[in-house]
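Numbers restart at 1 for each chain; the letters A, B, ... are given by sequence-line order, proteins then strands. All of these numbers come straight from a predicted model, not from anything done at the bench.
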Number of protein chains: 2
Amino acid sequence: MSTAHSARARARIEVTAAIKEEARRQLAAEGAAKLSLRAVARELGMASSALYRYFPSRDDLLTALIIDAYDSVGEAAEAAHTAAADDGPVQRWTTVCEAVREWALAHPHEYALIYGSPVPGYTAPETTVPAAARVGLVLIGIVRDARLGPGVALPALPAELLPEAERMAADFASDLPPAVAPALVAAWAQLFGLIGFELFGQFHRVVEDRAAFFRHAAGQLALGVGLT
Amino acid sequence: MSTAHSARARARIEVTAAIKEEARRQLAAEGAAKLSLRAVARELGMASSALYRYFPSRDDLLTALIIDAYDSVGEAAEAAHTAAADDGPVQRWTTVCEAVREWALAHPHEYALIYGSPVPGYTAPETTVPAAARVGLVLIGIVRDARLGPGVALPALPAELLPEAERMAADFASDLPPAVAPALVAAWAQLFGLIGFELFGQFHRVVEDRAAFFRHAAGQLALGVGLT
DNA sequence: CAAAAAAGAGAGCACCGCTCTTGCTTTGGA
DNA sequence: TCCAAAGCAAGAGCGGTGCTCTCTTTTTTG
């Protein structure tokens, strides 16, 4: 047996962590495109071939970084959520959105890795799903906590969207009215549209005071999901 | 002189077009990351070094493809706009949004090239700006044509956003009330958030009937910019 | 203690972007 | 008309990449 306490197992954990750490350094410095296994190995003083004992391919290393990035932004959102526990729903929503934006501005290459175009052959492994959901869960939680009654000003759904909305609600918002689910998903996607456009330069010469613009847009998103 | 009519100049234009065509083929087939100058040259039966007479670097080739992609999606939006000239504003807005979405679904790698994470060393040249603006101009035009009066249900702007909104309006919506400008930019970014999330797999196991979902979300965006 | 498993190291393959040098062809002015 | 200049194609080569294979060393385990 012995998965945990042998010296070799401990060393493996440490080396794996060191590889990821150095890879994250290079990712932050130069972007995913320039992340090189050989450079990581060089920096760690090991032969590049030895690195393949820990990550069978460059894509596997990237996948590990992707999961970490999802967890990192998820943690940022959760921390902002708990820190704003005493505020009203709209304020709480806006605070979480701003936390996500600030995480993105602080980690642009990591953001690009997870919310930009898929890097290699673009097959996001199933492993990343739970980590990817964390930000969404925080947003759902805010709406859930607000316990909006059925009378809130959410527009009626068109008939063609009704089954989809009920399926969505059953999946991840079982205690909320079905009309909320599509609005929530849309706001979730739109949030990252705003952040991505800012980060990737589409707001160049279009938006100057980006913090104020984002705050207002995030507040509007909150209204769109029925928060008041 | 002689820019146009020498045999050499004609050949240059043809070869340049052939290179871009083959590059676009590879881009569509494998994505920007796998686009290789050597492979393009190989496919065209020329030495890879000869290709550098036409594009001084791989990034320059990519930039040319980026501009073409912006023009392509811009044309799609404009065509949808003119085709829907008889519809009401909301319907027209939705139609244009759907045209952009369909272009993205048909050209995913091109979409990723222009709206995903910046590919190489991420310095979008100033040349791309006019092409990049085309979709936005179509959306502005719809709102402008709708000639919404000041009484439309756009929420009041917070004080901190007022100067920014006036600057925006002066820049690209001089004949519209200032409150429209930030709403328009936000809707523009959110539109690509919706499309990007669908295209890059974030809707996996979240949204099933994506066309219906998108149609509804696009309609909500129209309301958000004051269309009725 | 010996066999087995894990890990490191090196050489090598095929590919990449890019540069430099060497010839050949077209062009345009004297 | 002829000839220098400019434009173009091709080849060799440099340093880099991901990845594989083989060989040796180290650690774990029965």
Inset, instruction - Would you kindly give the NZ-to-P distance between B:Lys34 and C:dG17, to the nearest whole Å? - result: 13 Å

Inset, instruction - Classify the nucleic acid contact of A:Tyr54 as base, sugar-phosphate or nothing, counting any heavy atom under 4.0 Å across all strands shown. - result: sugar-phosphate

Legend entry - Shortest side-chain distance from B:Ser49, nucleotide among C:dC16, D:dT20, D:dA12: D:dA12

Inset, instruction - Over 60° means perpendicular and under 30° means parallel, so classify the ring planes of A:Tyr111 and A:Phe192, tilted if in between. - result: parallel

Legend entry - Donor-acceptor pair under 3.5 Å, A:Arg38 side chain vs D:dG16 base: no

Inset, instruction - Under 4.0 Å between any heavy atoms, over every strand shown, what does A:Leu44 touch: base, sugar-phosphate, or nothing? Just pick one. - result: nothing

Legend entry - First of A:Leu51 and A:Ser48 reached from the 5' end of DNA chain C, by closest nucleotide: A:Leu51

Inset, instruction - Kindly indicate whether the side chain of A:Arg8 and the base of D:dT26 share any N or O donor-acceptor pair separated by less than 3.5 Å? - result: yes

Legend entry - Pair A:Glu21 + A:Arg24: basic N to acidic O under 4.0 Å: no

Inset, instruction - Would you mind reading off the distance between B:Arg10 atom CZ and C:dT26 atom C1', rounded to a whole angstrom? - result: 12 Å

Legend entry - A:Arg53 (side chain) and C:dG8 (base): donor-acceptor pair under 3.5 Å: yes

Inset, instruction - With heavy atoms under 4.0 Å as the rule, sort A:Ser36 into base, sugar-phosphate or nothing. - result: sugar-phosphate

Legend entry - Spacing between A:Arg12 atom CZ and C:dA5 atom P, to the nearest angstrom: 16 Å

Inset, instruction - Starting at atom OH of A:Tyr52, determine the distance to atom P of D:dT22, rounded to an integer number of angstrom. - result: 17 Å

Legend entry - Ion pair check, B:Arg25 and B:Glu22, cut-off under 4.0 Å: yes

Legend entry - Nearest to side-chain heavy atoms of A:Ala47, which nucleotide of C:dC16, C:dA9, C:dC18: C:dA9

Inset, instruction - Write down the distance between CE (B:Met46) and P (D:dC8), rounded to a whole number of angstrom. - result: 10 Å

Legend entry - B:Ser57-B:Asp60 side chain donor-acceptor pair, cut-off 3.5 Å: yes

Inset, instruction - May I ask you to check whether B:Tyr70 and B:Tyr115 place their ring centres under 6.0 Å from each other? - result: yes

Inset, instruction - Starting from C1' on C:dA7, measure out to CD on A:Glu14 and report it in whole angstrom. - result: 15 Å

Legend entry - Protein-nucleotide distance (B:Phe55, atom CZ; D:dC8, atom P), rounded to Å: 13 Å

Inset, instruction - May I have the distance from B:Ile19 (atom CD1) to D:dC8 (atom P), rounded to whole angstrom? - result: 11 Å

